[in-house]
Amino acid sequence: MSGLDDLVKDEMANAKTATPRAARPRPEKLDRPRKPPAEPAAPAWESLADKRAHGAVDDTALDAAVTGTSDLRKQVKSALQEERARVAERAKELATVETELAKLAVKESQDVATLRGRLEELDRTLYRAERDLKAKAEAHRVAEERAEALRAEKKALREHLAMMVLGSEARKEEKLRELLDVAHRRPER
């Protein structure tokens, strides 16, 4: 802002102390006649003070222009200050958001690491449990086959025992009939 004010002050000072400029020579065109100037222009060396002295510049108009320029400068300065304040506030909000996002990212990383560790531990435990299950399933299958073989052997032994008992009973019955026949054949005394 102060750079703009300094620039305006320098221009105003230069205008008060202006010196005549040397005109650059123009190449003249031979086939065209020169036009005479319509109005005599103010000499280039006239400063604002000279113009005021000759009455070419109205003091009230000049004061109004300077006041208007000053007012515009103040408005621009105020708008820039408001914009800077708004940008600073927005930057502060964004910094807060970035900080919160960084905190969330760290927490999320920690949570992910914890869950990965737990998953790896569960994977190892599950592997051991499945290996144990397979071993026990095999043991169960073997035990089931053994139990079935023992059942079959028991059934065969029962049938054999029943046959033996029946055979024994049949032999006893036959022996008892023989004895009964012998007892019936004996004379009575």
Side-chain angles (χ1 to χ4, degrees), residues 1-18 21 24 44 47-48 57-173:
M1 256 348 236
S2 62
L4 181 61
D5 290 336
D6 292 340
L7 183 65
V8 170
K9 285 179 185 175
D10 289 343
E11 288 297 319
M12 295 285 280
N14 288 340
K16 289 179 183 176
T17 59
R21 296 184 202 170
R24 284 192 287 164
S47 68
L48 187 57
V57 175
D58 185 13
D59 285 338
T60 56
L62 180 63
D63 290 339
V66 169
T67 303
T69 303
S70 177
D71 289 345
L72 282 174
R73 236 185 263 130
K74 288 177 185 176
Q75 288 176 355
V76 168
K77 185 176 181 178
S78 174
L80 283 174
Q81 285 176 344
E82 289 173 6
E83 186 65 19
R84 283 187 185 124
R86 190 184 66 72
V87 167
E89 183 65 29
R90 184 69 177 147
K92 193 185 289 186
E93 290 172 4
L94 290 175
T96 303
V97 168
E98 282 182 353
T99 303
E100 292 299 318
L101 286 175
K103 286 178 186 176
L104 286 175
V106 167
K107 175 137 179 53
E108 185 177 308
S109 297
Q110 291 171 344
D111 291 346
V112 166
T114 301
L115 290 176
R116 280 188 180 155
R118 182 73 178 128
L119 279 173
E120 288 172 3
E121 180 184 331
L122 284 173
D123 191 41
R124 289 188 298 270
T125 304
L126 179 62
Y127 173 76
R128 287 189 299 268
E130 286 176 343
R131 187 180 61 200
D132 190 40
L133 175 66
K134 286 179 184 176
K136 288 182 179 179
E138 180 63 22
H140 180 267
R141 186 188 61 76
V142 169
E144 188 71 32
E145 287 175 359
R146 178 152 166 72
E148 193 59 39
L150 291 172
R151 281 188 203 106
E153 185 180 351
K154 180 181 173 184
K155 183 179 177 185
L157 284 176
R158 263 193 182 173
E159 288 174 357
H160 183 66
L161 178 63
M163 293 303 277
M164 282 179 62
V165 169
L166 283 175
S168 174
E169 287 297 318
R171 281 191 306 271
K172 280 183 192 177
E173 188 178 321

Please set out all donor-acceptor pairs under 3.5 angstrom arising from side-chain atoms of residues 96-111, sequence neighbours excluded.
| residue | atom | partner | partner atom | Å |
| --- | --- | --- | --- | --- |
| Thr96 | OG1 | Lys92 | O | 3.0 |
| Thr99 | OG1 | Ala95 | O | 2.8 |
| Ser109 | OG | Ala105 | O | 2.9 |

Please table the atom pairs, donor to acceptor, closer than 3.5 Å between any side-chain atom in residues 129-139 and protein atoms at least two apart or in another chain.
| residue | atom | partner | partner atom | Å |
| --- | --- | --- | --- | --- |
| Asp132 | OD2 | Lys136 | NZ | 3.2 |
| Glu138 | OE1 | Arg141 | NE | 3.3 |
| Glu138 | OE1 | Arg141 | NH2 | 3.4 |
| Glu138 | OE2 | Arg141 | NH2 | 2.3 |

Please round to the nearest 0.5 Å and tell me the distance separating atom [atom1] of [X] and atom [atom2] of [Y].
{"X": "Glu82", "Y": "Leu80", "atom1": "CD", "atom2": "CG", "answer": "9.5 Å"}
{"X": "Leu119", "Y": "Arg124", "atom1": "CG", "atom2": "CZ", "answer": "10.5 Å"}
{"X": "Glu89", "Y": "Leu94", "atom1": "CD", "atom2": "CG", "answer": "10.5 Å"}

Results of side chain to side chain contact (heavy atoms under 4.5 Å, CB included) for Ser168 - residues two or more places apart only:
Arg171, Lys172

Considering residues at least two apart in sequence or located in another chain, which fulfil the side-chain hydrogen bond (donor to acceptor under 3.5 Å, both in side chains) criterion with Glu93?
Arg90

Taking side-chain hydrogen bond (donor to acceptor under 3.5 Å, both in side chains) as the test, write out the residues that go with Arg118, two or more places apart.
Glu121

Thr67 and Asp71, any side-chain heavy atoms less than 4.5 Å apart
yes

For the residue pair Glu169 and Glu173, establish whether any side-chain heavy-atom pair is separated by less than 4.5 Å.
no

Donor-acceptor contacts under 3.5 Å from residues 148-167 side chains, at least two apart:
| residue | atom | partner | partner atom | Å |
| --- | --- | --- | --- | --- |
| Glu148 | OE1 | Arg151 | NH1 | 3.0 |

Test side chain to side chain contact (heavy atoms under 4.5 Å, CB included) on Leu72 and Gln75 and set out the steps.
CA-CA 5 Å; Leu72 282 174; Gln75 288 176 355; 3.7 Å; yes

